[in-house]
**Q** 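I have a structure I would like to understand better, so I am pasting it below and will then ask my questions one at a time.
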Amino acid sequence: MIKRLIDWLKKPLGLIAVGIAFLALFSLAAYGISLTQTAPAQPVQFPHKTHVGFGIQCLYCHPGAAKGPSAGIPTEAKCWGCHNQIQKTQTSALLQPLKDSVISGVPLQWVPVAQVADFVQFNHRAHVAAGQNCENCHGDMSKVTVAENPQVFNMGFCLKCHQTVAGDNHELLVKLTDCGTCHY
Ligand code: HEC
Ligand code: HEC
Ligand code: HEC
Ligand code: HEC
Ligand code: HEC
């Protein structure tokens with residue numbers, strides 16, 4: 001369905017429609033920001049601020065970002081590797097759900113906040129390999145308690161940076177703004 005829609009949109013009439021859709025999306029985006037900038041109810045009030053503050057690297061917990069499409073969320077076993085050695089784990093009410101999960105073997109159900117639709121191809125590896133920092137897209141996570149999405153990952157968000165990155169390199173610009181680069 002989406003594939004056919006995109007094929008149609010690449011035709012001249014479609015491109016006009018895209019222009020109109022952009023205007024509509026632009027106004028929707030403003031509304032969308034107010035909707036998405038709230039943190040969902042997570043199973044653990046996981047503080048990025050505390051962990052990043054201790055110098056733990058993003059890639060230690062999200063190693064997938066350097067290897068493939070998705071960054072991944074750490075397993076309870078990874079959390080426990082540290083937390084079974086941390087005194088506060090014994091007494092912290094915030095860590096009770098983690099302890100329960102480790103004992104019961106029932107994984108924590110994290111609610112995703114940073115997402116694009118299925119018909120968009122996004123690959124972390126390509127971006128990390130090109131030297132893009134996590135911060136460029138996710139904001140400063142060292143200040144965040146429970147993750148919220150500071151950006152709306154709409155098409156304009158991607159294209160704006162792709163245009164900047166390409167600069168005068170026409171060949172790269174064509175590649176990075178081609179519909180088929182992100183939709184296939
Ligand atoms: C100690 C492990 C740990 C470290 C270090 C860590 N994170 Fe996370 N991250 C998590 C966990 C757990 C979640 C899921 C909970 C949440 O969304 O708040 C998460 C969620 C996220 C999300 C939201 C993903 C989603 O859709 O649910 C982003 C974006 C993110 N982290 C980026 C970063 C960046 C950037 C850094 C480095 C500055 C970092 N993280 C460091 C454990 C970690
Ligand atoms: C590399 C070590 C490390 C890993 C991995 C790690 N943590 Fe932590 N975490 C810490 C340290 C250190 C503290 C601060 C403890 C203190 O204040 O005494 C902490 C604090 C916390 C707190 C705040 C506790 C409180 O009462 O203030 C929560 C909640 C938490 N971690 C959850 C998690 C979860 C969930 C994971 C896995 C997704 C995780 N941590 C992975 C080291 C780690
Ligand atoms: C060029 C922009 C960009 C950069 C750079 C980037 N991300 Fe992401 N990130 C995204 C987008 C877009 C999504 C949503 C992907 C999806 O839904 O398929 C996402 C999703 C995530 C998620 C949640 C879903 C998943 O992939 O598991 C985490 C965690 C995350 N990013 C962490 C990181 C970390 C850590 C870094 C740095 C090492 C990083 N990101 C660098 C754009 C970026
Ligand atoms: C902050 C800048 C930035 C943002 C935001 C960004 N990108 Fe990129 N993107 C890059 C860079 C840099 C490259 C690598 C360019 C090169 O080949 O030298 C790239 C390359 C790509 C490629 C080609 C990857 C390959 O395998 O060659 C795809 C696909 C892509 N981006 C999709 C996306 C999507 C989808 C989004 C939005 C959700 C997005 N990008 C947002 C900077 C960005
Ligand atoms: C750099 C990546 C990228 C390129 C290039 C790109 N798109 Fe997109 N497109 C996206 C993202 C991201 C979204 C938003 C997905 C979401 O809402 O989660 C999107 C959304 C869409 C949608 C759905 C609109 C909606 O309501 O959200 C259509 C249709 C679309 N794109 C068509 C196109 C066409 C046609 C082209 C070529 C002119 C194109 N795209 C080029 C990344 C890209």
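Ligands are counted one by one from 1 in listed order, and the atoms in each one are counted from 1 as well.
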**Q** Atom 8 (Fe) of ligand 2 to C79: any N/O/S contact under 2.8 Å?
**A**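 Checking C79: none of its N, O or S atoms is under 2.8 Å.
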**Q** Any N or O on G72 sitting closer than 3.5 Å to an N or O of ligand 3?
**A** yes
**Q** Please report whether ligand 2 has a polar contact with K88, defined as an N or O pair separated by less than 3.5 Å (distance criterion only).
**A**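 K88 vs ligand 2: N/O contact under 3.5 Å present.
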**Q** Quick check on contacts: which atoms of ligand 2 are under 4.0 angstrom from a heavy atom of K78?
**A** 5 (C)
**Q** Could you note down all residue pairs passing ring pair (Phe, Tyr, Trp, His ring centres under 6.0 Å) where residues 51-73 supplies at least one of them, sequence neighbours left out?
**A**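 Every ring pair (Phe, Tyr, Trp, His ring centres under 6.0 Å) pair that includes a residue of residues 51-73, provided the two are not neighbours, is F46-H51.
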**Q** Measure up the F157 and F153 rings against each other and bin them: parallel (under 30°), tilted (30 to 60°), perpendicular (over 60°).
**A**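 Aromatic pair F157/F153 classed tilted.
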**Q** Does any N or O atom in H83 lie less than 3.5 angstrom from one in ligand 2, N or O only?
**A** yes
**Q** Are W110 and V116 grouped together when hydrophobic residues (ILVMFWY) are joined by side-chain heavy atoms under 4.5 angstrom apart?
**A** no
**Q** Within the structure, does H51 bring an N/O atom to less than 3.5 angstrom of an N/O atom in ligand 2?
**A**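 The answer is yes, given that H51 and ligand 2 share an N or O pair closer than 3.5 Å.
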**Q** So is A71 polar-close to ligand 3, meaning N/O to N/O under 3.5 Å?
**A**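 Between A71 and ligand 3 (N or O atoms, distance only) the closest approach is under 3.5 Å.
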**Q** Only heavy atoms of P74, strictly under 4.0 Å: list the atoms of ligand 2 that pass.
**A**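 Numbered from 1, ligand 2 contributes 38 (C).
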**Q** If you measure from each heavy atom of G81 to ligand 2, is any distance below 4.0 Å?
**A** no
**Q** So, is S92 polar-close to ligand 2, with some N/O to N/O distance under 3.5 Å?
**A** yes
**Q** With a 4.5 Å cut-off on side-chain heavy-atom distances among I, L, V, M, F, W and Y, is there a chain of contacts connecting I73 to L108?
**A** yes
**Q** Show which atoms of ligand 3 fall inside a sub-4.0 Å distance from at least one heavy-atom site of C58.
**A** 35 (C)
**Q** Quick check: does H138 put an N/O/S atom under 2.8 Å from atom 8 (Fe) of ligand 3?
**A**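 So H138 does bind atom 8 (Fe) of ligand 3 by this criterion.
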**Q** Could you tell me whether D140 and K143 have a side-chain N and a carboxylate O separated by less than 4.0 Å?
**A**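 Here D140 pairs with K143 in a salt bridge, since their nearest N and O are under 4.0 Å apart.
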**Q** If the cut-off is 4.0 Å to any non-hydrogen atom of V44, which atoms of ligand 2 fall inside it?
**A**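 Heavy-atom distances to V44 below 4.0 Å select 29 (C).
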**Q** Quick check for students: name every N or O atom pair between ligand 4 and the protein closer than 3.5 Å, with distances.
**A**
unit_1, atom_1, unit_2, atom_2, d
ligand 4, 7 (N), H127, NE2, 2.9
ligand 4, 7 (N), H162, NE2, 2.8
ligand 4, 9 (N), H127, NE2, 2.8
ligand 4, 9 (N), H162, NE2, 2.8
ligand 4, 27 (O), K175, NZ, 3.1
ligand 4, 31 (N), H127, NE2, 2.8
ligand 4, 31 (N), H162, NE2, 2.9
ligand 4, 40 (N), H127, NE2, 2.9
ligand 4, 40 (N), H162, NE2, 2.8

